[in-house]
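By convention in this document, chain letters (A, B, ...) are assigned in the order of the sequence lines, proteins followed by strands, and residues within each chain are numbered from 1. Remember, predicted model here, so these are calculated numbers, not experimental data.
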Number of protein chains: 4
Amino acid sequence: MAGVNKVILVGNLGQDPEVKHLEGDKVVANVSIATTESYKDRSGNRVDNTEWHDLELWDGLAKIAESYLKKGSKIYVEGKIKTDSWQDEQGNNRKRVRIRVQNMTMLDSRSDNQSGPGNNSTNYANNNSSPQQMPSQTVSEGPADDDDLPF
Amino acid sequence: MAGVNKVILVGNLGQDPEVKHLEGDKVVANVSIATTESYKDRSGNRVDNTEWHDLELWDGLAKIAESYLKKGSKIYVEGKIKTDSWQDEQGNNRKRVRIRVQNMTMLDSRSDNQSGPGNNSTNYANNNSSPQQMPSQTVSEGPADDDDLPF
Amino acid sequence: MAGVNKVILVGNLGQDPEVKHLEGDKVVANVSIATTESYKDRSGNRVDNTEWHDLELWDGLAKIAESYLKKGSKIYVEGKIKTDSWQDEQGNNRKRVRIRVQNMTMLDSRSDNQSGPGNNSTNYANNNSSPQQMPSQTVSEGPADDDDLPF
Amino acid sequence: MAGVNKVILVGNLGQDPEVKHLEGDKVVANVSIATTESYKDRSGNRVDNTEWHDLELWDGLAKIAESYLKKGSKIYVEGKIKTDSWQDEQGNNRKRVRIRVQNMTMLDSRSDNQSGPGNNSTNYANNNSSPQQMPSQTVSEGPADDDDLPF
DNA sequence: TTTT
DNA sequence: TTTT
């Protein structure tokens, strides 16, 4: 019955995170990141192979994502593979695979991220006059307490 | 451009491996394994949550799978997430996620596996009068040389 | 400042766990496990290379170790590297590396472990007339609540 | 006999790499990296906990280290724990733990590293008039062929 | 869709 | 579809 289901990724966000605030203080962020592998083929030409991964972050991690991640951000994440299954309108079995993130570390140098919450996306509303510093640390899954915000 | 795409799983095979011998000495094995997570819910009831993963093993690893793995076998694998994308007949974008295995360790105790190649599946043909021992070691990806067989 | 410090091991215990019950309900278990790598050298001879790792488990994990692990048990663990430094009597700087375990999965088949707590070691005292089943699941770090015991 | 011995680290170099060119085209680089964990204690104070790891890179990886890594560089590495044992002059058993690196990904943004080989350390000799670009990719262990250099 |  |  025992099992291990672990994923470790390092890559860059393809878009700003999509964040939904649900009832009961729940928050979920959806993020997609690219992991690129680069190698030489037999002819000696460099080949890039990019894989895209759909990440799902909840609560404290989702808030961090909302405040600090944006298109292009480089992150390390640890999580598990999660498959949703359903039947589509034609009655076909469909599956969708996501990575449920359990742990995240931001890898951008701080200078790339001096903007604070609300400041680091293509949405320039909600400008913060006393910007907070970005966290430079690992953040783990947990309840949506403010204590999960690393500052 | 740099990236990391790593998966680590420990689980049991749901079925015997499906092995195809392709031209040019290539071999591929498809295997699905279950990773089960077990926890207590708020009411204190034990809940099992099983995730199924489609594995793809090539060449040396595929031969090992063919010879030694069967329904129920417990394995540790390391690999990477690989998504195939295509359009179905209705023109919908479809994706299928697999784990390309780069490293495998068999976790069954040797006594559970004393049968040799051809002996450990529901197919009882090809019975081997001097059965080989199962390997108890880690095997990595590589060319389909016989040297990849761990004995 | 951010960092990742992660270790993943699969191996067998070299001895029964050494468990200490400290004041304040704290429990610590020390366990050493062997990870063996097996390969062929240039001459085609099989070579075994064994590495020993000192594990440290706390509280809930320590209790699991005490109840269910014994010499020879095969486990999967996830943890982090931890170095203790001190000066010895000669004034030399000394270091000792341990793995602080954060997650453990027992990999022995249940039939190898039907004995319950107190029953699974070379010490046959403390025989339990209504033996509990061994857990077959992953257990994580946490406080020493009884709820951490997986049954 | 089977085993898994895997370490995953993300951290920054404490010093420039120490590189030795041995006979027979062998190269070894020694590097130490810090992984810092940051958390709030019970009183709500932020606490940093830094762990230092001694890495050992061979051949192709050592050459990459020599050319591109320097004090402060942030890297992702995958490797295995390796313990050397010996007796010191007083006859005490001594051990030293190192991480043998099998895979490395550089995590600094390219702009932080535009200097080429020979240019990125405190040693300014061997200045290269047509500096090469730093690799932004994952590099694995292997023979010391020039083909291992990712450019 | 990222990054270099 | 596994395992316990």
Side-chain angles (χ1 to χ4, degrees), chain A residues 1-5 9-18 30-38 46-55 69-75 77 83 85 93 107-109 112 122, chain B residues 1-5 9-18 30-38 46-55 69-75 77 83 85 93 107-109 112 122, chain C residues 68 105-114 132-138 150-151, chain D residues 68 105-114 132-138 150-151:
Chain A
M1 200 131 52
V4 173
N5 173 358
L9 304 172
V10 174
N12 300 284
L13 300 227
Q15 298 294 342
D16 288 349
E18 289 175 18
N30 286 283
V31 161
S32 84
I33 72 168
T35 57
T36 302
E37 198 184 358
S38 190
R46 183 140 301 289
V47 181
D48 275 5
N49 190 7
T50 295
E51 194 71 29
W52 286 95
H53 311 269
D54 294 328
L55 310 185
L69 299 185
K70 57 177 193 242
K71 184 173 174 174
S73 299
K74 186 187 284 288
I75 55 175
V77 295
T83 306
S85 303
N93 291 319
L107 297 174
D108 294 310
S109 63
D112 300 336
T122 53
Chain B
M1 198 132 50
V4 173
N5 173 359
L9 304 171
V10 174
N12 299 284
L13 300 225
Q15 298 294 342
D16 289 348
E18 289 175 19
N30 287 282
V31 161
S32 84
I33 72 168
T35 57
T36 302
E37 198 184 359
S38 189
R46 182 139 301 290
V47 182
D48 276 5
N49 190 7
T50 295
E51 194 72 28
W52 286 95
H53 310 269
D54 294 328
L55 311 184
L69 299 185
K70 58 176 191 239
K71 184 175 176 173
S73 298
K74 185 187 284 289
I75 55 175
V77 296
T83 306
S85 302
N93 290 319
L107 297 174
D108 294 310
S109 63
D112 300 334
T122 54
Chain C
Y68 297 111
T105 300
M106 281 170 281
L107 298 173
D108 294 310
S109 63
R110 210 133 158 189
S111 56
D112 300 335
N113 289 275
Q114 278 170 335
Q132 298 175 283
Q133 284 193 305
M134 80 164 295
S136 51
Q137 59 194 73
T138 302
F151 40 73
Chain D
Y68 297 111
T105 299
M106 281 170 282
L107 297 174
D108 294 309
S109 63
R110 211 134 156 188
S111 56
D112 301 335
N113 289 275
Q114 278 169 336
Q132 298 175 283
Q133 284 193 304
M134 78 164 296
S136 51
Q137 59 195 72
T138 301
F151 40 75

May I ask you to verify whether the side chain of B/Thr35 and the base of F/dT2 hold a donor-acceptor pair under 3.5 Å? no
Please report, rounded to the nearest Å, how far the C1' atom of E/dT3 is from the CG atom of A/Asp48. 10 Å
Give one of base, sugar-phosphate or nothing for B/Gly11, where a contact means two heavy atoms less than 4.0 Å apart. nothing
Can you tell me how far P of E/dT1 sits from NE2 of A/His53, to the nearest Å? 17 Å
Figure out the CG/C1' separation between D/Asp108 and E/dT3, and round it to whole Å. 14 Å
Non-neighbouring partners of B/Asp54 that pass side chain to side chain donor-acceptor pair (under 3.5 Å), sequence neighbours left out: B/Arg96
By the 4.0 Å heavy-atom rule, please label A/Leu13 as base, sugar-phosphate, or nothing. sugar-phosphate
Exactly one of B/Leu9, B/Leu107, B/Leu69 clears side-chain contact (heavy atoms from CB on, under 4.5 Å) with B/Ile75, and that residue is B/Leu69
Atom pair distance, as rounded to whole Å: CD in A/Glu37 and C1' in E/dT3: 15 Å
Those residues at least two apart in sequence (or on a different chain) that pass side chain to side chain donor-acceptor pair (under 3.5 Å) with B/Thr50 are B/Thr36
Measure from the side-chain heavy atoms of B/Gln15 and tell me the nearest of E/dT3, F/dT2, F/dT1. F/dT1
Any idea which heavy atoms bring B/Asp108 and B/Lys74 closest together, and the distance? OD2-N, 3.0 Å
What nucleotide, of F/dT2, E/dT1, E/dT2, holds the atom closest to the side chain of A/Ala34? E/dT2
Just the rounded figure in Å: distance from C1' of F/dT2 to NZ of B/Lys70. 13 Å
Once you round it to whole Å, what is the distance between P of E/dT2 and CG of A/Asn49? 16 Å
Decide yes or no for A/Ser38 and A/Arg46: does some side-chain heavy atom of the first lie under 4.5 Å from some side-chain heavy atom of the second? yes
Taking the six-membered ring for Trp, does A/Trp52 stack with E/dT2 (centroid gap under 5.5 Å, planes within less than 30°)? no
Write down the distance between NZ (B/Lys74) and C1' (F/dT3), rounded to a whole number of angstrom. 6 Å
Send over the distance from B/Leu9 CG to F/dT3 C1', rounded to a whole Å. 15 Å
Looking at A/Thr50 and E/dT2, is any side-chain donor or acceptor paired with a base atom of the opposite kind under 3.5 Å? yes
